[in-house]
Amino acid sequence: MAASVTRPALSSLCKINSNINGIYSLTSFSRRISISSVLSTSAVTTETEAAGRGVRGQRRSKRQAGEPRTERMTVDQDWTAVYPTAASFKPSAVPLPVRMGYPVKRGVPPAKKGNLELIKIPNFLHLTPVAIKKHCEALKQFCTEWPSALDSDEKCVKHFPIQVQSKEFVSAGLSLRNPDVRIVTLKVKLSSLNLDDHARKKMIKLSEERYCKDTDTLTITTDSCPLRQQNYDYAMYLLTVLYHESWKTEAWEQEKTRADMEEYEWEDSPSQKKVLDTLLRMRALGAKDEVEEGTREELLGQPAVQEYRDTMLRLKNEGETEENLQQYKEAVKKLFNI
Amino acid sequence: MATSLVRQTKLLSIVTSQLSSAACFRNIHCTAACLKNRAARIRVAKGDKPVTYEQAYHPHHIGHRKGWLSQHTSNLQGEDGAAERVVEDVFIRRFMYGTFHGCLADEIVIKRRGNLLVICAVMIQKLLPSKFYFLIGYTEELLSHFYKCPVKIEMQTVEEKVVYKYL
């Protein structure tokens, strides 16, 4: 029993020899060994008791924890030296009498010493205004001025019409990689591109749902390539191709029918024919039946007909609203002189 | 219907007897019964059992009177890696419990700041400071090699366990 006690003590003694810790530990261990060796003849229980008492007594007298740092803090100290980086709550370093936790019945919340709840929560003790000012000062040397010529949003849009968006992700874990980082969104207003009427219509037709009519923006989202740089290049390539293709006119584009038109056009529409017909019939009640180019142009040139044309266009292109319908009613009344 | 039931029970008895008598011996495996309503709960006793704040409040108090012992972003919408973090947490808790045997005053709090793994522990002043420093270095080195990420231990010591109440 004594031998088994001494062997681990001896091995730890050797280890402590290697650690330059002071004489204290050496003497304590040597004393423990000496006690066990002296009392080896006595009963087992008394020996262990004495050893235990001897050791514990020495431990209590030796181990005095120093005073906490809060005692030595001045009011005007540099707090950024106490909490330079994000760290958990240290009750010996934070001089506030904070209490946290649910109180016991007829008691108070537990104090900050050894309070696990205060350690669990994230704290911002490292981000006081003074600390943030210091961060900004340190970062200033790496910053450049905003160009003075770009002082309004319109100028920014005018000089930089294409907007490219991509996302970065930060998460807690062993891996930095996030597959959604490769997605690139390219936004451009069609009004900033050099397009004529046909090119604009063709471009809108080619982009289908990527074009938003209200904001006149073409949005291209690419995520088919594995890298963000590749997706960006692909998006720029798509924009270039769209632009050039919309300027070209293919042979089969001549076969564009009325059903393919994006907007309602009044020229050559059934509505125009009907109006002409009606007006001719109204006039021909009195005069002879002659449909000439001249009379047709004349009829179409009348202000009532023009007004009818405007209201028809508005109705078909913008949809049916109260005022649109009212205007249509007025135009029809004027046309038929009601 | 009664006759078919009788026939089925007869078949079952025949099959089980054959199974038990045959050389295959396939038995039912079952785990230990882990009741949800007995997990992480110290039952009220005579009034002499000291209990810390963490032990005094039961799991249904998490979010109301207790905070979370482990924090990371994997439980958010659209994030992955939750299972791996849980396994890491379990291993780290057992590792710390074994390395600092008898010195832990309370549960370990694990925080993850990006890549960095921060282990916050409250210890009883049972060992010498030099021993504590050695064990801290040992833990940090070993865990950072296991998990390929920087590991930091933030330790506090108290004279004895902080008792919240006696159950």
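Within every chain, numbering begins at 1; the chains are lettered A, B, ... in the order of the sequence lines, protein sequences first and strands thereafter. All figures in this text were calculated on a predicted structure; none of them were measured in a lab.
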Spacing of NZ belonging to B:K111 relative to NZ belonging to A:K120, to within rounding of 0.5 Å: 11.0 Å
A:I119 side, atom CD1; B:E107 side, atom CD - distance, nearest 0.5 Å: 12.0 Å
Neighbour count above 12 (heavy atom, 6.0 Å) for B:Y133 OH: no
Derivation and outcome, side-chain contact (heavy atoms from CB on, under 4.5 Å), residues A:K113 and B:V158: CA-CA 8 Å; A:K113 189 158 179 224; B:V158 284; 4.2 Å; yes
Contact leader toward chain A among B:E54, B:E84, B:H64, B:K161, where contacts are heavy-atom pairs under 4.5 Å: B:E54
Exceeds 12 heavy-atom contacts within 6.0 angstrom, atom NZ of B:K49: yes
A:D223 atom CG, neighbour heavy-atom count above 12 within 6.0 Å: yes
B:Q77 atom CD: more than 12 heavy-atom contacts under 6.0 Å: no
Which atom of A:A86 lies closest to which atom of B:R113, heavy atoms considered: O-NH1, 3.1 Å
Atom group of B:V118 that falls short of 4.5 Å from chain A, counting heavy atoms: neither
Under 4.5 Å from any heavy atom of chain A - which part of B:R65: both
More than 12 heavy atoms of other groups within 6.0 Å of A:Y234 OH: no
Atom group of A:A111 that falls short of 4.5 Å from chain B, counting heavy atoms: neither
A:F169 atom CZ, neighbour heavy-atom count above 12 within 6.0 Å: yes
Over 12 foreign heavy atoms within 6.0 Å of CD, A:Q77: yes
Gap separating the CG atom of A:L118 from the CD atom of B:Q156, nearest 0.5 angstrom: 9.0 Å
Side chain, backbone, both or neither of A:P103 within contact of chain B (heavy atoms, under 4.5 Å): backbone
Interface residue of largest heavy-atom contact number with chain A, from B:H72, B:K165, B:R112, B:R85, under 4.5 Å: B:R85
Neighbour count above 12 (heavy atom, 6.0 Å) for A:R210 CZ: no
Heavy-atom contacts under 4.5 Å, residues 171-183 of chain A to chain B: A:S171, A:A172, A:G173, A:L174
Test side-chain contact (heavy atoms from CB on, under 4.5 Å) applied to B:T73 and A:V170, step by step: CA-CA 9 Å; B:T73 60; A:V170 179; over 6 Å; no
Backbone N/O of B:Y53 and side chain of A:Y102: donor-acceptor pair under 3.5 Å: no
